Amino acid sequence: MSPTANNTAPKVSKAHAEILHGLTAKQKHISPKHFYDERGSRLFDQICQLPEYYLTRTELQLMDSYFDEVASLVGPRAAIIEFGAGSNIKIRKLLDHLLEPAAYVPVDISGDYLLKQAAALALDYPNVHVQAVFADFTHPFELPQHPVMPERNLVFFPGSTIGNFPPAQAQDLLEVMRLEARPGGALLIGADLRKDPALLHAAYNDSQGVTAEFNLNVLRRLNTELNGNFDLANFSHQAIYDETHGRIEMRLISRKSQTVSLAGQEISFEAGEFITTEYSYKYSLDGFSALARSAGWEPERIWVDDDRLFSMHYLTVPGSI
Ligand code: AVJ
């Protein structure tokens with residue numbers, strides 16, 4: 001089955017307008033979704049290998065231990081809808097465990113990676129109907145039809161990417177997921193857990209400086225793609241854990257007073273002023289279940305590693321298929 005795509009890719013200029021808007025706001029900010037150009041994705045892969053960055057490793061362990069159980073909960077002939085075309089290894093693990101998966105639908109705004117990943121999967125899983133959808137998954141989108149009628153939709157959102165969204169937005173996103181899963185559908189989602197702040201701090205301030213490179217890379221990207229002249233040496237990486245909000249906040253701090261030009265606009269920084277580049281919310285098990293309930297999900301099962309670092313949740317949409 002060859003992968004096809006529907007919907008049209010949103011215009012690049014929309015992302016650019018959004019970035020300029022964020023950098024001219026009182027508190028400067030850039031969405032973490034802009035981290036992932038080719039270099040950024042490679043740096044993120046390196047982060048996942050770091051000794052301090054426990055998230056990926058722990059989630060993969062949970063998958064190896066519990067995907068048999070997930071498969072029996074999901075049942076045969078499911079359509080998997082992945083929000084964001086993420087890690088190849090995770091979706092392959094899932095497909096390898098599920099019973100006769102009917103379809104795989106990766107949904108993302110960036111076309112290249114999405115199509116490449118979909119094409120590779122279609123080759124390796126000839127019985128799975130692979131169809132990429134170009135869409136901003138924070139808004140409802142139309143699902144493709146499949147040759148084999150799936151018995152249920154399973155939304156897949158690993159990696160604790162949900163942590164990038166502040167609670168109100170996370171609730172909205174979980175509602176979109178519920179709409180796409182439809183009554184009788186399910187959600188398999190990873191959520192990073194609250195823990196000793198020292199462990200969190202280390203995970204986002206690694207000793208090799210890869211996270212700093214990853215953070216600064218967004219400025220490099222603005223230079224090439226938005227005709228900017230950021231001098232990366234004039235900004236420094238910071239990641240702090242804010243216990244009140246239960247979130248890591250990543251920042252790029254201006255080392256001095258400076259003016260940068262970007263897409264023909266001047267952007268001024270005071271010394272010490274910063275751009276917020278990412279929130280990474282951490283949850284308690286109850287906190288995450290309550291959030292999901294508020295979006296109409298029924299929590300069914302939670303898996304956690306022995307060190308209680310990371311959680312994987314299985315939830316369903318009330319009603320029948
Ligand atoms: C991909 C959003 C889960 O929040 O830990 C890693 C991204 N940022 N190191 C996270 C990230 C800095 C990551 N997520």
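In this text, all values refer to a predicted model and were calculated from it rather than measured experimentally. Read the numbers this way: they start at 1 and go in the same order the structure lists the ligands and their atoms.
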Q) Between Y125 and Y104, is the gap from one ring center to the other below 6.0 Å? A) no
Q: Kindly say whether V148 contributes a backbone atom to a donor-acceptor pair with the side chain of R77 at under 3.5 angstrom?
A: no
Q.
Can you work out which protein residues put a heavy atom within less than 4.0 Å of ligand 1?
A. Y36, F44, I47, Y53, L55, G159, S160, N164, Y204, T211, F214, M250, E278, S280
**Q.** Test of ring centre spacing under 6.0 Å for Y54 and F310
**A.** no
Q. Among R255, K28, R251, which residue meets the salt bridge (charged side-chain N to carboxylate O under 4.0 Å, His left out) test with E273?
A. K28
Q: Taking only Lys NZ, Arg NE, NH1 and NH2, and the carboxylate oxygens of Asp or Glu, determine whether R301 and E69 approach each other closer than 4.0 Å.
A: yes
**Q.** Over all atoms of both residues, closest heavy-atom pair of T138 and V176
**A.** O-CG2, 3.5 Å
